[in-house]
**Q** 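The structure that follows is given in the form of structure tokens.
Numbered from 1 within each chain, the chains take letters A, B, ... in sequence-line order.
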Amino acid sequence: MAKEKPDLVYGTLDMLILKALQHDPRHGLAIADRIQQMSKDILHVEQGSLYPALYRLEAQGWIKAEWGVSDNNRKARYYKLTAAGRKQLSAEEEHWLRITKGIDLVLAGG
Amino acid sequence: MAIAHMASMLDRELKKGSAELLILSLVQDRPRHGYDIGQLIELRSRGTLRFNIASLYPLLYRLEKRGWIRGRWVEKAGQRRRRYYRLTSAGKKILAAQRDGWREFVEAISLITGIQHA
Amino acid sequence: MPDFKEEIRKRLVALNLAPTRENEIVEELSQHLEDHYEQSLRTGVSGDEAYDAALNELRASDLSGPLKQIERRVQQEPVVIGRDGNANLLSDLWQDLRYGLRMLAKNPGFAAVAVIALALGIGANSAIFSVVNTVLLRPLPYKNPERLVMVWEENSKQGFPRDTPSPANFIDWRDQNHVFESMAAIVEASFNLTGAGDPERIDGHGVSAGLFSLLGVEPQLGRAFRSEEDKPGGSHVVIISYGLWQRRFGSDPGIIGNPINLNGKSFIVVGVMPRTFQFPTRKDQLWVPLAFDAKEAGQRGSHYLEVIARIKPGVTLQQAQAEMTTIATRLQQQYPETNTSIGAVVTPLHEQVVGDIKPALLVLLGAVAFVLLIACANVANLLLARAAVRQKEIALRLALGAGRARLIRQFLTESVLLAALGGGIGLLLAVVGLSVLKRFIPPNISQAQAITIDAKVLIFTVLVSILTGLIFGLAPATHAANFNLNDTLKESGRDSAAGSRGNRIRGLLVISEVAVSFILLIGAGLLINSFLHLRNVDPGFRAERALTMKIVLPEPRYADKEQRGVFYRELIRRVETLPGVSSAAVATNLPLTESGNSVGVSIEGHADPAPDRVPIVITRIISPRYFETMGIPLLKGRAFTEEDKSESESPSVIVVSETTARSFWPGEDALGKHIKVGSPSNNDNKWLTVIGVVKDVRQFELVVEPKPQMYLPFTQANFFEPRALVVKTNLEPLSLAATVRKTVWEIDKDQPVSDIASMEHIVSESVARQRFSMLLLGIFAGLALVLAAVGIYGVMSYSVAQRTHEIGIRMALGAQKKDVLKLTIGQGLKLVLIGVAIGLGAAFILTRVIASLLFGVSATDPITFVAISLVLIGVAMLASLIPALRAMKVDPMFALRYQ
């Protein structure tokens with residue numbers, strides 16, 4: 001019987017991406033690396049999930065893409081947070097807080 | 001609205017992901033039936049988390065199929081029979097693992113967001 | 001209470017569930033809705049509103065969808081890390097590979113150390129295996145080589161367990177046996193090739209006509225010998241090697257049927273052998289028929305042939321041996337004067353070729369296996385340590401449902417990747433190493449130049465790589481994936497599951513590394529010791545600043561010893577006038593170059609010995625200043641001078657060696673005694689008077705005790721002739737070579753010289769094989785030592801990092817820095833001492849294996865053992881030092897807080 005796998009980041013991917021862009025613009029792989037780094041290597045984001053998420057966030061207007069030059073002098077697409085994105089980030093963080101608090105309450109026994 | 005829509009994805013995934021954990025923990029101490037479980041979740045979380053019938057029972061059946069919980073029809077005096085679920089020994093182990101995993105995960109995200117839990 | 005069952009059932013219709021199951025679900029869900037309805041009522045709404053609310057709950061989302069998935073199959077949800085199930089094994093593997101590569105790239109230091117360790121281990125293994133493969137395993141390049149044998153005379157009684165047969169014996173063997181398809185004899189023959197460019201001395205062999213068909217090899221051009229050419233008169237034909245054909249005759253196919261000039265005589269070339277044909281050694285470049293005349297064929301007492309035979313199909317080696325022994329016994333009775341102690345021994349040709357080096361090669365194979373083990377242990381340690389560090393990640397992934405199998409597979413992929421990289425680089429190392437090695441391989445090992453990396457070795461390397469990957473990848477992988485999650489996560493931040501059990505494993509690995517490298521070091525130490533002993537053996541002469549070369553005067557132009565004498569005298573005279581030359585001499589051969597010619601002698605005054613007890617003495621024919629030139633001390637009496645002229649003019653004289661004097665005339669003065677070559681009744685030879693006694697020289701090898709030796713002046717002796725020139729000089733010997741050769745050509749422009757070398761080089765070459773083994777084993781032992789040191793360092797480092805907390809506590813409780821230092825070094829020392837103890841025990845047993853390769857040193861030589869132990873302990877202490885120093889620097893506050 002195949003095991004079921006939960007989405008490792010429980011839908012926090014968007015929030016993590018926005019968080020990763022909070023201070024600096026980055027390109028795709030750098031975002032994944034940053035998430036990995038911020039979570040001390042615990043969370044890995046696959047390219048297969050990252051890029052669709054980036055496009056979705058871009059479509060929503062929370063991040064904006066520009067062409068820039070990367071460390072090894074290649075043209076790369078850099079993403080940065082928009083003003084709406086910053087608002088979304090705090091909204092997500094707030095949601096996160098609320099829901100996990102709720103879960104904790106259930107787990108703790110009310 | 002855009003914001004509400006996106007936030008609800010987080011909601012949805014978080015809930016979905018933590019659902020097993022919640023259910024397992026609720027049947028740890030004593031057997032409960034489905035409605036009871038749903039109620040407890042809603043009440044304890046002060047309304048933040050809510051599972052409706054269509055999300056709850058498939059989940060229960062899935063956990064049962066995995067052997068983590070066991071469902072039994074119990075007939076109490078003067079009542080119709082109801083299906084009660086309780087944790088199996090395999091489920092106990094899984095619960096412990098998932099509790100810890102959940103804690104780790106939350107810690108990891110907290111590291112990132114800088115948001116601490118009490 | 002309203003009935004919700006219908007509504008529910010409606011939604012389940014599409015699922016087509018079994019009736020019992022459907023009923024169950026309907027019953028449960030309807031109870032849920034009923035509870036919901038009752039709940040609503042309690043809040044005070046009307047029955048209808050409550051009913052609607054309940055139904056809304058049902059309608060709010062899709063029920064049949066999720067249920068469908070559960071009741072039939074469980075569908076996969078998208079995940080971020082990997083996918084489960086066998087759905088796409090290949091893409092999973094590909095992902096594992098990419099993940100593995102990324103992991104390695106993130107830790108370049110670790111990856112580099114691991115890859116290098118493996119590369120060294122695998123490379124060494126591949127190189128040695130190539131050698132073993134070619135030299136030991138590859139069959140000889142002849143038809144059905146397993147049926148080829150060599151037949152020797154067995155004469156242990158007189159000190160020749162394998163002697164070269166005499167022609168008469170050979171002929172009788174050949175004619176009387178029923179076990180061999182064919183039998184052929186060969187004899188060393190060399191010729192001066194003249195008439196086309198510089199005169200050149202070419203080595204070759206005289207062979208029976210049937211030799212080539214016996215071997216199953218045909219000439220590439222032309223034909224083999226015919227039997228009528230193997231007789232006197234028909235025998236001036238020659239077959240040349242591919243190399244000679246290419247080099248001297250421009251690969252001209254027209255050479256067939258045309259004459260070439262050998263030793264002043266004309267030989268018709270009838271065939272050219274293929275390029276790969278090297279028989280019996282790679283020095284042989286031409287073959288002529290043996291063509292015994294009646295006198296030669298009847299020679300039973302001169303032993304100088306080599307005999308090769310092909311066993312008939314269906315006959316075993318034992319049967320062949322038995323038959324030859326029978327024939328030899330028969331000959332013993334028929335010819336008691338010559339054959340009394342002579343038996344026959346049959347050895348497979350392959351063994352003949354490789355027998356010498358088999359033990360050394362096998363020892364080397366064992367050694368590189370050890371090196372590989374150590375490398376694997378190191379890498380296992382590294383991986384274990386890393387697995388422990390990545391525990392958090394592992395724990396999380398497991399808790400979140402990652403399959404154990406998948407996790408194990410990912411770890412294995414990483415280690416197999418490491419092994420593959422290591423194997424690849426190792427193969428490169430092997431190729432480079434082999435080409436270097438080939439230059440040092442002692443030249444008498446056949447097919448040595450043919451050693452290459454071939455398919456078998458490639459497969460071997462690949463197998464070894466994968467095996468190492470699986471073996472040392474398995475331990476950390478299962479270890480990592482099996483530990484108890486609860487324990488792990490409870491001790492947050494500190495390494496726990498790889499705690500005591502992991503530490504124990506690592507400790508065991510280090511101990512075994514130390515033990516194994518100890519064994520290797522002992523082996524190398526013993527070989528080095530043995531080699532030094534060997535080099536210190538006094539060869540009996542002074543080898544410094546002496547130039548040597550071979551000058552073989554061909555019979556046609558120098559038919560008797562008078563003519564040769566003229567040449568030698570003139571040569572010596574001219575050479576001695578060259579600047580920088582102190583003296584020159586000629587001799588039959590030089591020490592350590594050939595097996596040496598020997599003759600049987602009779603001693604005056606001693607009873608005639610039985611034929612099998614005739615003393616055999618190694619004989620050299622020399623010019624007067626030979627002893628002086630070679631630096632052989634004269635112990636008694638005098639050396640030869642110009643006054644010792646031919647036998648008709650002066651008394652027949654002889655100089656003997658110390659051993660000879662001692663064994664023939666024990667307790668007496670050898671001067672003045674008489675010896676005769678051959679039996680007393682032999683009237684061709686005169687009684688010779690001993691006029692001098694000189695020190696023994698080593699004849700065959702430095703290892704072998706000198707046998708009786710004697711010297712005769714070239715003016716008087718004629719049964720061997722001098723073929724070697726030695727020149728003592730105060731210059732660098734080889735710088736004189738061109739001048740000396742010119743001097744030779746001034747006397748005879750068609751006289752080639754060959755084998756130009758300094759005496760020191762000859763002495764050094766005589767121990768080439770021992771040097772080779774010693775170097776190789778030394779290199780491997782060195783490798784092992786480095787790897788073990790790295791292993792110790794790694795384990796100690798890791799242990800210190802893990803015990804930072806504990807060290808902090810100790811320091812906070814008052815421990816001094818030096819206590820911490822002692823503690824850490826003590827830890828390392830403990831491991832090393834245990835390893836050395838085990839190694840000692842194992843070495844005692846194992847070194848017997850190389851006892852046959854040792855000289856002058858016992859396999860349990862205490863000095864070597866003690867020295868190596870000290871070296872190993874010293875290195876280990878050094879390796880522990882750096883981590884220990886680091887431990888000392890731990891700041892207690894930091895350590896505690898970090899927890």
Side-chain angles (χ1 to χ4, degrees), chain B residues 9 12-13 15-21 32-39 42-43 50-66 68 71-76 79-85 92-109 111, chain C residues 1 4 7-8 11-12 17 21 24-39 54-75 77-80 391-402 484-490 492:
Chain B
M9 176 171 118
R12 194 175 60 236
E13 293 299 322
K15 286 184 204 166
K16 197 160 75 161
S18 59
E20 288 181 5
L21 173 59
R32 300 185 197 275
H33 56 75
Y35 188 72
D36 203 4
I37 293 173
Q39 286 293 90
E42 183 171 344
L43 290 176
R50 195 182 290 141
F51 284 88
N52 75 359
I53 190 175
S55 18
L56 182 58
Y57 287 91
L59 202 43
L60 285 170
Y61 298 154
R62 194 185 326 144
L63 293 174
E64 197 181 6
K65 249 210 165 91
R66 290 210 195 120
W68 296 352
R72 283 275 173 77
W73 287 105
V74 175
E75 194 151 344
K76 293 211 172 137
Q79 294 175 11
R80 303 163 306 184
R81 67 172 198 170
R82 292 207 69 142
R83 197 161 171 83
Y84 280 81
Y85 295 91
K92 271 202 190 68
K93 292 204 194 107
I94 296 294
L95 173 58
Q98 288 206 355
R99 260 198 224 275
D100 295 326
W102 171 251
R103 198 174 348 129
E104 288 290 322
F105 170 67
V106 167
E107 266 182 42
I109 303 290
L111 275 175
Chain C
M1 181 67 69
F4 294 98
E7 288 292 318
I8 295 172
R11 285 168 169 76
L12 298 182
L17 297 167
R21 181 67 187 144
E24 260 193 349
I25 297 179
V26 165
E27 181 170 357
E28 188 171 7
L29 294 191
S30 59
Q31 283 167 5
H32 180 102
L33 289 176
E34 286 167 21
D35 283 352
H36 191 278
Y37 172 80
E38 275 179 13
Q39 185 91 6
L55 270 191
N56 278 337
E57 163 113 357
L58 185 57
R59 289 194 204 110
S61 44
D62 177 28
L63 178 62
S64 64
L67 266 185
K68 188 177 199 169
Q69 297 172 1
I70 306 302
E71 295 303 310
R72 294 290 163 83
R73 234 177 340 120
V74 178
Q75 192 193 47
E77 297 182 52
V79 294
V80 172
Q391 258 177 50
K392 261 213 156 117
E393 173 202 343
I394 297 169
L396 189 63
R397 291 169 68 186
L398 278 175
L400 293 176
N484 191 327
L485 280 170
N486 274 333
D487 291 342
T488 310
L489 294 168
K490 243 178 251 158
S492 48

**Q** If I measure from the heavy atoms of chain C, does B/Ile94 come under 4.5 Å with its side chain, its backbone, both, or neither?
**A**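 Neither the backbone nor the side chain of B/Ile94 comes within 4.5 Å of chain C.
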
**Q** Can you tell me how far CD of C/Gln31 sits from CZ of B/Arg81, rounded to the nearest 0.5 angstrom?
**A**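 Going from CZ on B/Arg81 over to CD on C/Gln31, the span is 8.0 Å.
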
**Q** Taking everything shown except B/Arg72 itself, do over 12 heavy atoms lie less than 6.0 Å from its CZ?
**A**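 No.
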
**Q** Out of C/His32, C/Glu57, C/His36, which residue meets the side-chain contact (heavy atoms from CB on, under 4.5 Å) rule with B/Asn52?
**A**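 Answer to the side-chain contact (heavy atoms from CB on, under 4.5 Å) test with B/Asn52 among C/His32, C/Glu57, C/His36: C/Glu57.
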
**Q** Are any of the side-chain nitrogens in C/Glu27 or B/Arg83 under 4.0 Å away from the carboxylate oxygens of its partner?
**A**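 Answer for the salt bridge query: no.
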
**Q** Can you tell me how far the CG atom of C/Leu58 sits from the CD1 atom of B/Ile53, to the nearest 0.5 Å?
**A**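 Going from the CG atom of C/Leu58 to the CD1 atom of B/Ile53 covers 5.5 Å.
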
**Q** Report the option among B/Tyr35, B/Trp73, B/Tyr61 that has the most heavy-atom pairs separated by less than 4.5 Å from atoms of chain C.
**A**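 Answer, by heavy-atom pair count under 4.5 Å with chain C: B/Tyr35.
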
**Q** Starting at CD of B/Gln39, measure out to CG of C/Asp35 and round the result to the nearest 0.5 Å.
**A**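 So the gap between those two atoms works out to 8.5 Å.
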
